[in-house]
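Worksheet: one structure, shown below.
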Amino acid sequence: MIVMTCALLPLLGILLTFGKRSARRSLIALISTAVVSFLLSAITLGRWELGHALQFGGNLFVSDPLSRVFLALISAVFTGVALYVYNRALTNPFALRNIQRFVRSTLLFFALSALATLSSHLFLMWIFLEASTLSITPLIYHQKGAASVRAAWKYLQFSMVGLGLVFLGFVFLAHSTSMHTNSGEAISYFFHDLAARPGNLGEQPWRDLGLALIFLGFGTKLGLAPMYTWLPETYDLSPPSVTVLLSSIQFNAVVLAVFRIFQYLDPLQSPFVRYELISLGFASILVSALHIVVAKNYKRLIAYASINHAGVIAVGLGMGKAAAYGVTLYVISNALVKAVLFLTCGNIKARYHTKTISNLHGLIKTMPFSGWFFMIGIFALLGFAPFGSFFGELLVMKSMIDGQHFAIFTLFCLLMTVVFVATGRATFPMIWGEPSHEVSLRGESIYTLLPNLFYIFLLLSLGIYLPSGADALLQEIAKSIGGRP
Amino acid sequence: MTYLFVGYVLALLVSLFFASWRVAFWALAAEFFIAGLILLRGETIESWSIRIQMFDLLILRAIVVPLLLIGALKKLKLAREFDTVPANLVIWLFALVLMIGSYWLGKKLFPNDLREAFHIGTSVSGVLLGLFILSNQNRILGQVIGLLTFEAGILLTEVMGHHNELWELQVGLTLIFLWTILLFFEFLNKFSKVDTEQGIDPAAILVERDVL
């Protein structure tokens, strides 16, 4: 299976990181693994036949529209991270210290995340998500100080609690179904078994309790309020490449798990879950808006915007069918936007050694490439047309109007306006203000240019022109998570 | 089976009221052991999945890991006295309210089955007290105890279910647990360095910049 190669290739790459004088070899292993995985995942996506799902590995893994799209997406982001790390290693000899360990953990993290996207069993997916969490934790404090160690520990604690709640939710749901069937047999978490089940998820209150815990747990991993405090600290204090792994790869692996729950368990049959998702979503948007208003650190500001995005996704999922296509579009755009912004943040920080917003002015003149990427990333982050995020957000809002949820629509618009104004007020002087530093192309190489250009091309493509094949694929995903065809 | 649940509750209370991290770890070991015994009483050991789960609960979590953790912590020369929750009446009362609430929930969920009500009450107590310890602690040692108490509560809930997972998944769960413990060791080591040098981590001298 070609898709399985994408997941197993990084494990082979790990072997190259051992041995004497392996620093350069490690970097080559990282780049070659990332590029080959991306190409393979793109090829399989291109050769996709609609309505076709293939199970393999003793039915433990599946290749279907959801897994293929997410695998291609995380592979694309991973390639960008690999190129960024390579560039950093070329420009800063200090980066080569312990690079083998860094590359090893990064490859392991990617392999586990890829396996999570391919899993066709909910427990197995949970195991890979937990394993990917454990593999990325040491990377958060790689070559960093005490503050990053504390952030890593906080991340681990919240992740363990979040995934623990998901596990408890699975146990409650299994109990709910075992009470519902005559044989007393509990639910099997294989996707094909779940798909063959009748819609009813079993007895109350176990069903609601189980689903509520699952979404609270996954919400913790996505940084939804109230369990969001780990996210800004971890994103801010991690090395930029690790922030991208967390915000674009792990985030999307967790979103995929949520999509799988929607695909096979139809959680919106419980009104309680709908209210939970909408409440968590709005709480997150509110919290992020308040923090963005007072943000003084640009990396932290984008981290809070990430909480905001998680909130929009939760509200969209809570809206149900009509918003499904918008949510799909928004999730994909969100991964690309965060990759562009955090990688660019890394370049800016490497050049100016500051994360304080007020210390930077006129980036578009002093760092032409990074300045432009930062500007375009911020526009996409704020949901400007013609980016995919704009249309995603628009469709979510349309679903509110269609469903006659006018109060929700008004509140959503109000909070998003606050976020819009606060983000613009903080970042626009950074981009266009009077330059405080000399103009230089130092640190801006082809390795950082190419992935960002590619992500921006995809973001624009999602908004302006989607080839019919890609659109059909997204429609199928939206349909599978409960959307209208 | 009720005496096993009583034993579990006692282990929970011991970890709360005895000001010693060693006692807390042995209480945790007892919690995992009792969960294993409950599984043993409810299931026949005919599948590899159950065998691996037994090994995980009765050997790994109840004996091997507590011994390793206590051994590692001894090397760090920590003070023997350690409160898992602040020792005052308000906190103890709050912990007690959480436990009573858990049993009330159990009774509400299983009004006609006292054994199941007791089971769910005990496991929810474990989960909530784990979170309670976690939220009351700002030291890593206490947070590790909180996380493990939380996990023991979840596993006690799991042994209630009548489902038989694949053995591959059970192996996965065991490996995840071992990996987590290794990370705990690493963090305990790192934080002990930070603590002993009054908040100055040697790594911080190297860098507080984004290299990669």
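Here is how names work: the chains are called A, B, and so on, in the same order as the sequence lines, proteins then strands, and each is numbered from 1. Since we're looking at a predicted model, the values are computed, not measured.
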Below 4.5 Å, heavy atoms only, C-beta onward: do [X] and [Y] meet side chain to side chain?
X	Y	result
A:F167	B:T157	no
B:F187	A:V149	yes
A:F172	B:I120	yes
B:E158	A:F170	no

Interatomic distance, [X] atom [atom1] to [Y] atom [atom2] [nearest 0.5 angstrom]:
X	Y	atom1	atom2	value
A:L156	B:L183	CG	CG	6.0 Å
A:H175	B:E116	NE2	CD	5.5 Å
A:M160	B:T180	CE	OG1	5.0 Å
A:L209	B:L109	CG	CG	7.0 Å
B:E151	A:L168	CD	CG	11.5 Å

TODO: Only one of B:L175, B:I176, B:L182 passes side chain to side chain contact (heavy atoms under 4.5 Å, CB included) with A:L134; say which it is.
DONE: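 For A:L134, the side chain to side chain contact (heavy atoms under 4.5 Å, CB included) test succeeds with only one of B:L175, B:I176, B:L182, which is B:I176.
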Portion of [X] that has a non-hydrogen atom of chain B nearer than 4.5 angstrom:
X	result
A:S241	both
A:Y86	neither
A:S135	both

Task: Whether B:F110 and A:W206 hold their rings parallel, tilted or perpendicular, with breakpoints at 30° and 60° - done: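 Geometry flag for A:W206 against B:F110: tilted rings.
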Task: Parallel, tilted or perpendicular: rings of A:W153 and B:F191 (30°, 60°) - done: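 Aromatic pair B:F191/A:W153 classed perpendicular.
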[X] atom [atom1]: more than 12 heavy-atom contacts under 6.0 Å:
X	atom1	answer
B:L178	CG	yes
B:R51	CZ	yes
B:F185	CZ	yes

- [ ] Would you mind checking which part of B:L147 comes under 4.5 Å of any heavy atom in chain A, side chain (CB onward), backbone (N, CA, C, O), both or neither?
- [x]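 Looking at B:L147, just its side chain touches chain A.
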Task: Contact residues of residues 98-106 of chain A (partner chain B; heavy-atom separation under 4.5 angstrom) - done: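 Residues in range: A:I99, A:F102.
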Task: Side-chain donor-acceptor pair present, A:E130, B:W179, cut-off under 3.5 Å - done: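 The answer is no; no qualifying pair exists.
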Open item on the list: Looking at chain B, which one of A:A95, A:P138, A:A89 has the largest number of heavy-atom pairs inside 4.5 Å, strictly under?
Closed with: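 Maximum pair count with chain B is reached by A:A95.
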